[in-house]
Amino acid sequence: MEIFHISAECYPVAKVGGLADVVGALPKYQSNEGHNVRVVIPCYDTKFIKENEFECVHWGHVKLGQFNFPFSVLKEKKDILGFELYVIEILELFDRKEVYGYEDDIERFLSFQIATLDWIIGRRDTPDIINCHDHHTGLIPFMMLYVNKYERLKNTPTVMTIHSGLYQGVFGFDKLYYLPEFDLAHFTILEWGGAINSLAAGIKCAWFVTTVSPNYLNEINTSSNGLESLFKSVRNKSKGILNGIDIKVWNPNTDQFIPANYSVKDIEQGKNASKERLCALFELDPTKPLFSFIGRLLYEKGADLLPEALAMAMTENNKSINVLILGSGNKKIENELDDLLIDYKGNYNNFIGYNEELSHLIYAGSDFLLMPSRVEPCGLNQMYAFRYGTIPIVRRTGGLKDTVIDIGDNGNGICNDQATVEDICSSITRAILLYEDKRKLNALRKMGMDMDHSWSSVCKEYIEVYQLIIKKK
Ligand code: ADP
Ligand code: GLC
């Protein structure tokens, strides 16, 4: 099968969060199964793109209303990622350091989608499947069905994979003229809540919709930032497929970023080496249990609850715990987390920013990983935690509910139900008790490390979806 994945991120080329991890791993596993897999993302100003060799395989001009942007399709020459990587170079719009967050994001991602389809339509072969990821690629299924110049792609099956229903790529109808010519009778398909909604259009037009965990599929029917009724109406063409992880990139036995490699046979020794390194770097006491958080400091991650919850947990437990935060995002949360440095020096530290290498050391060296998420479509951090023998403490939501079962139910982690300071604190208290029971702690660490969350078992589910819709052609 020839499969195209179209996305805004792909690890290690350009990463903001888990979307990159998925788009950097699933295609590799599909490729190992014998499929011809191509990943297409914009060409940002990133280290990976600077350091690797690319060749130009196509060029043209994207027309966006009165604007005209030259673009090139560059292919990474050696397929070092285990699939064919293509980056769409539109210098004026993407030659920048960040993936998102610019005023012209609508123009940027619309141009990316049009350039991608202009290239695909110009190729001799038509793909068997186009798998779009999140709202940045949500207009592709619509354009393939209704834009005149893409007529030949009408019968090419599309899958819309939802990593987040919160962000939808909404813009006004004043920009409708950006889209290439299509039969205006269809313009209502683009509409949701009075505006053009890229994600809604993708959900309506894709041949199939997947979410990144089964439980998230249930949740979005009742909570998805205004798209609830739409998700309900497409239930018969939807499936929740739990994300996997790349067990080569995330492997304590070979990880280059940790001081001592380890496996289930020497968990304690291995984890201690990483913990000592971390504690030395961040001036913490390695004899105390270490609680960490890694992630985007946003409301949906419950990160706003952390400053108060951590202060309370450290005070109530007489500073018998250590806490380490790695993340960036909301400035108010960043400042509040920095404020904790004053009163809790020696017990608390943080790294405000993004650091891939440090994240590996934290997964390995921590005892517990906090994930108090309000919304978590899947969550990869808890699976990385398991892989490194770290116990996740999660709020039961989205994919966290699918992957973490409370120790009270003979499970693999600590769970709570409310996104509140109190729930986080009581989970930390339970974790302290667990930490003191070394036999139980070690059995749990082993249980986590023995679990198989690899893509190899999950990637088949995507192929089954593709086969199902190809049959409908
Ligand atoms: P999301 O995609 O919603 O941010 P996931 O749990 O799916 O959440 O994936 C987050 C990914 O981003 C993981 O690979 C995690 O290690 C990584 N990550 C998040 N914040 C940082 C950071 N500040 N530094 C390094 N890695 C980070
Ligand atoms: C999104 C979600 C996260 C998920 C990731 C990869 O960023 O917030 O829960 O794990 O995508 O699918």
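Remember, it's 1-based here, ligands and their atoms both numbered in the order they're listed.
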Under 4.0 Å from one or more heavy atoms of Val22, ligand 2 contributes atoms 6 (C), 12 (O)
So the atoms of ligand 2 within less than 4.0 Å of a heavy atom of Gly379 turn out to be 3 (C), 4 (C), 9 (O), 10 (O)
How far is [atom] from the closest protein heavy atom, and which atom is that?
atom: atom 19 (C) of ligand 1; result: Gly295 CA, 3.6 Å
atom: atom 16 (O) of ligand 1; result: Tyr363 OH, 2.8 Å
atom: atom 1 (C) of ligand 2; result: His163 O, 3.2 Å
atom: atom 13 (C) of ligand 1; result: Asn381 OD1, 3.3 Å
atom: atom 8 (O) of ligand 2; result: Pro377 CD, 3.5 Å
atom: atom 27 (C) of ligand 1; result: Tyr354 CE1, 3.4 Å
atom: atom 4 (O) of ligand 1; result: Arg296 NE, 2.8 Å
atom: atom 7 (O) of ligand 2; result: Arg296 NH2, 3.9 Å
atom: atom 23 (N) of ligand 1; result: Gly353 O, 2.8 Å
atom: atom 3 (C) of ligand 2; result: Glu376 OE2, 3.4 Å
atom: atom 25 (C) of ligand 1; result: Asn355 O, 3.3 Å

Would you check whether [X] reaches within less than 4.0 Å of ligand 1, judged by its heavy atoms?
X: Lys15; result: yes
X: Lys301; result: yes
X: Tyr11; result: no

[X] to ligand 1: N or O pair under 3.5 Å?
X: Ser328; answer: no
X: Leu380; answer: yes
X: Glu356; answer: no
X: Trp250; answer: no
X: Tyr384; answer: no
X: Gly379; answer: no
X: Gly18; answer: yes

Problem - Ser164 N/O under 3.5 Å from ligand 2 N/O - result: no
Contact region, Val212 to ligand 2, non-hydrogen atoms below 4.0 Å, reads side chain
Honestly, for Asp21 the part within reach of ligand 2 (heavy atoms, under 4.0 Å) is neither
Between Phe83 and Lys28, the two heavy atoms sitting closest are CD2-N, 3.6 Å
Original post:
Should we say atom NZ of Lys15 is surrounded by more than 12 heavy atoms from elsewhere, each under 6.0 Å from it?
Top reply: yes
Other residues, nucleotides, ligands: >12 heavy atoms within 6.0 Å of Lys50 NZ:
yes
Atoms of ligand 1 under 4.0 Å from any heavy atom of Gly327, numbered from 1 in the order shown, are 23 (N)
side-chain hydrogen bond (donor to acceptor under 3.5 Å, both in side chains) test vs Asn197 passes for just one of Lys204, His135, Gln168, Glu191, namely Gln168
Given the options Ile130, Thr210, Asn131, Leu199, Met160 meets side-chain contact (heavy atoms from CB on, under 4.5 Å) only with Leu199
- prompt: Once the angle between the rings of Phe4 and Tyr86 is folded into 0 to 90°, is it parallel (under 30°), tilted (30 to 60°) or perpendicular (over 60°)?
  reply: parallel
Checklist entry - Phe48 vs Phe54 aromatic rings, parallel, tilted or perpendicular, using cut-offs 30° and 60°? => result perpendicular
Might you work through the salt bridge (Lys or Arg N to Asp or Glu O under 4.0 Å) test for Glu219 and Lys401, ending with a clear yes or no? CA-CA 11 Å; Glu219 288 179 358; Lys401 197 168 168 183; 6.0 Å; no
| task | Could you tell me whether Arg387 sits above the aromatic face of Tyr363, with NZ or CZ closer than 6.0 angstrom to the six-membered ring centre and within 45 degrees of the axis? | result | no
* Could Arg96 and Tyr102 be counted as a cation-pi pair, given that NZ or CZ must be under 6.0 Å from the ring centre and within 45° of the axis? -> yes
Flag, side chain of Asp128 to backbone of Met1, donor-acceptor distance under 3.5 Å: no
